[in-house]
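Here's the structure we're looking at; comments come further down.
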Amino acid sequence: MDNKKWFKEAQFGMMIHWGLYTLPAGEWKGKRMTGIGEWIQQYYRIPNAEYHELAKAFNPVLFNAEDWVKLAKSAGMRYMVVTAKHHEGFALYRSQVSRFNIYDGTPFRRDVIAEIAEACYKHGLKLGLYYSQDLDWSEPNGGGWQMGKTWSGCGPEERELRYWVNNWDFPDDEHKDYAQCFRDKIKPQVKELLTNYGDLCLIWFDTPSSISTEQSIELYHMVKQYQPDCLVNSRIGNGVGDYRSMGDNEIPDAYMAEELVETPATLNDTWGYKSFDNNWKDAARVRAIKKHLNDRGVNYLLNVGPDSLGRIPAPAAAILKNAGK
């Protein structure tokens, strides 16, 4: 099937944010963060020497790829998008580029992306992979130093401007060289994802800030070189990409039947697991949002955040099953 035709017909997908941030689960040294859980390292400016120690405790013994895939299918979802690497720089697969990954850096020693790819193939669910191509807090030259970020809803002691880049470990913003990170980590890891895990329906890039137009185009062409049918979302940056990612949780009213468009959205208030975020949308609300988006030609990419043991939270699983009835 033509990849654009498939995307248009899919309508509903599951997004999964999973990484080391599931261990603190929104809490650090006696404090609970506001905002989204996968940004906890940036939120509390946790040094890599301390944050990377979490890998030694990351052992998700209850992870079962087939359970995730079967849940997605029971909800009526047609594709799955998994965070192969988020902004913390930790990869959920065995990367030859960086040992900061789930196989080489944790006691789990399993390639999660390989297991998910196999389960998707077995059960007929299309697989897409999320990859943070700009922000990488584990890298001295990771992108984002041009961008300020103010956390809304913080307490008075937390209102200072926070930057997207890791400038607590690597404070010399003036001499940062994103081109080095792009050349030595970003491109080689994206190539690994494109060549080691079978057919991908899409690559989901995110938060472009430092990436140049030339680099966005180079990355796009590399995707097409190895997987011509793999779609690329607009968050690769600089007007490049095959389809448009709306803003997070953006529910447009406009009709976009002639475009390829997708809204990424949360089931509660966070993307990565936070133990105390129980603000769940119920099944009726999920069905209503899906209908609203699909009627306007927009895919609904609905996120769940598994915990550090690999479990999709029970309330999230129940909502998705009910939404699929």
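All residue numbers in this chain count up from 1 along the given sequence.
Ring geometry for His87 against Tyr130 counts as tilted: the plane angle lies between 30° and 60°, on a 0 to 90° scale. Between His17 and Trp271, the ring planes are tilted. Angles from 30° to 60° get that label. Aromatic ring pairs are classed by plane angle as parallel below 30°, tilted from 30° to 60° and perpendicular above 60°; the pair Phe100 and His52 is parallel. Ring pair Trp6/Tyr79 is perpendicular by interplanar angle, where above 60° counts as perpendicular and below 30° as parallel.
The side-chain contact (heavy atoms from CB on, under 4.5 Å) search around Asp242 returns Tyr220, Lys224, Leu231, Val232, not counting sequence neighbours. Checked against ring-ring contact (aromatic ring centres under 6.0 Å, His included), Trp68 has the following partners two or more places apart in sequence or in another chain: Trp18, Phe63. Applying the salt bridge (Lys or Arg N to Asp or Glu O under 4.0 Å) criterion to Glu66, with sequence neighbours excluded, gives Lys70, Lys122.
Within the 4.5 Å cutoff, no side-chain heavy atoms of Phe90 are placed close to those of Ser138. In this structure, Ser209 and Leu135 have side chains that are in contact, with non-hydrogen atoms separated by less than 4.5 Å. Counting heavy atoms from C-beta outward, Leu301 and Met14 have side chains that stay 4.5 Å or more apart. Side-chain contact between Gln42 and Asn166 is absent, with no heavy-atom pair separated by less than 4.5 Å. Contact annotation: the side chain of Pro24 approaches that of Leu54 to within less than 4.5 Å [non-hydrogen atoms, C-beta and beyond]. At least one side-chain heavy atom of Asp173 sits less than 4.5 Å from a side-chain heavy atom of Val165. Using a 4.5 Å heavy-atom cutoff, the side chains of Gln189 and Lys85 are in contact. Within the 4.5 Å cutoff, the side chain of Ile186 has heavy atoms near those of the Cys181 side chain.
Note that OH of Tyr300 and CE of Met246 are 14.0 Å apart. Values are rounded to the nearest 0.5 Å. Distance CG/Leu127 to CD/Glu118: 11.5 Å, rounded to 0.5 Å.
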- [ ] Assess whether salt bridge (Lys or Arg N to Asp or Glu O under 4.0 Å) is satisfied between Arg110 and Glu115, documenting all intermediate values.
- [x] CA-CA 8 Å; Arg110 282 161 56 186; Glu115 293 183 28; 2.8 Å; yes

- [ ] Take Asn233 and Ile203 through the test side chain to side chain contact (heavy atoms under 4.5 Å, CB included) and record every step on the way to the result.
- [x] CA-CA 7 Å; Asn233 72 331; Ile203 294 282; 5.9 Å; no

- [ ] Report the C-alpha separation of Ile113 and Leu129 in whole Å, then their side-chain angles, then the decisive distance to 0.1 Å, and conclude whether the side chain to side chain contact (heavy atoms under 4.5 Å, CB included) test is met.
- [x] CA-CA 9 Å; Ile113 298 302; Leu129 295 177; 4.0 Å; yes

- [ ] With side-chain hydrogen bond (donor to acceptor under 3.5 Å, both in side chains) as the test, would you mind laying out the steps for Gln41 and Asn48 before giving the verdict?
- [x] CA-CA 9 Å; Gln41 184 185 10; Asn48 281 332; 2.8 Å; yes

- [ ] Go through the steps to decide whether Glu192 and Tyr93 satisfy the test side-chain hydrogen bond (donor to acceptor under 3.5 Å, both in side chains), and finish with yes or no.
- [x] CA-CA 10 Å; Glu192 288 178 330; Tyr93 69 98; 2.9 Å; yes

TODO: For Asn268 and Asn279, run side-chain hydrogen bond (donor to acceptor under 3.5 Å, both in side chains): C-alpha distance rounded to whole Å, both residues' side-chain angles, the deciding distance at 0.1 Å, then the answer.
DONE: CA-CA 5 Å; Asn268 50 357; Asn279 188 29; over 6 Å; no

Task: Audit row: Leu219, Val190, side chain to side chain contact (heavy atoms under 4.5 Å, CB included) steps and yes/no - done: CA-CA 8 Å; Leu219 198 58; Val190 171; 4.2 Å; yes

Task: side-chain hydrogen bond (donor to acceptor under 3.5 Å, both in side chains) evaluation trace for Tyr43 with Thr34 - done: CA-CA 9 Å; Tyr43 188 93; Thr34 58; 3.2 Å; yes

Open item on the list: Show, in sequence, the C-alpha distance, side-chain angles and deciding distance for Asp269 and Lys274, and conclude whether the salt bridge (Lys or Arg N to Asp or Glu O under 4.0 Å) test is met.
Closed with: CA-CA 9 Å; Asp269 291 329; Lys274 276 175 67 177; over 6 Å; no

Open item on the list: I'd like to know whether Phe205 forms a side chain to side chain contact (heavy atoms under 4.5 Å, CB included) with Asp134, so could you lay out the CA-CA distance, the side-chain angles of the two residues, the decisive distance to 0.1 Å, and finally the verdict.
Closed with: CA-CA 9 Å; Phe205 294 112; Asp134 200 316; over 6 Å; no

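Residue Arg99 qualifies as open at atom CZ: its count of foreign heavy atoms under 6.0 Å is 12 or below. Environment of CZ in Arg285: sparse, with no more than 12 heavy atoms of neighbouring residues, nucleotides or ligands closer than 6.0 Å. Environment of NZ in Lys191: sparse, with no more than 12 heavy atoms of neighbouring residues, nucleotides or ligands closer than 6.0 Å. Asp199 CG: 12 or fewer foreign heavy atoms inside a 6.0 Å radius. Environment of CD in Glu258: sparse, with no more than 12 heavy atoms of neighbouring residues, nucleotides or ligands closer than 6.0 Å.
The aromatic ring centroids of Phe7 and Tyr243 lie less than 6.0 Å from each other. Side-chain rings of Trp137 and Trp164 stay apart, their centers remaining 6.0 Å or farther from each other.
The hydrophobic clustering, which links ILVMFWY residues whose side-chain heavy atoms are closer than 4.5 Å, places Leu71 and Leu302 together. Criterion: ILVMFWY side-chain heavy atoms under 4.5 Å apart, direct or through other members. Under it, Val304 and Tyr273 are not part of a common hydrophobic cluster. When the side chains of ILVMFWY residues are joined at heavy-atom separations under 4.5 Å, either directly or via intervening members, Ile236 and Tyr226 end up in a single hydrophobic cluster. Tracing side-chain contacts under 4.5 Å through hydrophobic residues (I, L, V, M, F, W, Y), one reaches Phe12 starting from Ile289; they form part of the same cluster. Under the 4.5 Å side-chain heavy-atom criterion for ILVMFWY residues, no single connected hydrophobic cluster contains both Tyr121 and Met77.
A cation-pi arrangement is found for Arg32 relative to Phe276, the charged atom lying closer than 6.0 Å to the ring centre and inside a 45° cone about the ring normal.
The pair Glu139-Lys185 counts as a salt bridge, with a side-chain nitrogen and a carboxylate oxygen less than 4.0 angstrom apart. For the pair Glu218 and Lys187, the salt-bridge criterion is met [side-chain N within less than 4.0 Å of a carboxylate O]. Electrostatic pairing of Glu27 and Lys31 does not count as a salt bridge here, judged by no charged N lying under 4.0 Å from a carboxylate O. Salt-bridge formation is not detected for the pair Asp169/Arg45: no Lys NZ or Arg NE/NH1/NH2 atom is positioned less than 4.0 Å from an Asp or Glu carboxylate oxygen. A salt bridge is defined here as a Lys NZ or Arg NE, NH1 or NH2 lying under 4.0 Å from an Asp or Glu carboxylate O, and Lys4 with Glu259 fails to meet this definition. Between Arg235 and Asp206, at least one side-chain N (NZ, or NE/NH1/NH2) sits under 4.0 Å from a carboxylate O, which counts as a salt bridge.
Listed here is the closest heavy atom pair of Thr266 and Lys281: O-NZ, 2.8 Å. Between Asp104 and Asn101, the shortest heavy-atom distance links the atoms N-OD1, 2.8 Å. In terms of heavy atoms, Ala55 sits closest to Gly105 at CB-O, 3.3 Å.
Between the side chains of Gln11 and Asn299, not a single donor N or O lies within less than 3.5 Å of an accepting N or O.
Remark: the backbone N or O of Tyr21 is not paired with any side-chain donor or acceptor of Glu38 at under 3.5 angstrom. The backbone N or O of Ser245 lies less than 3.5 Å from a partner atom in the side chain of Ser234, making a donor-acceptor pair. Side-chain atoms of Asn167 do not come within 3.5 Å of backbone N or O of Phe170 as any donor-acceptor pair.
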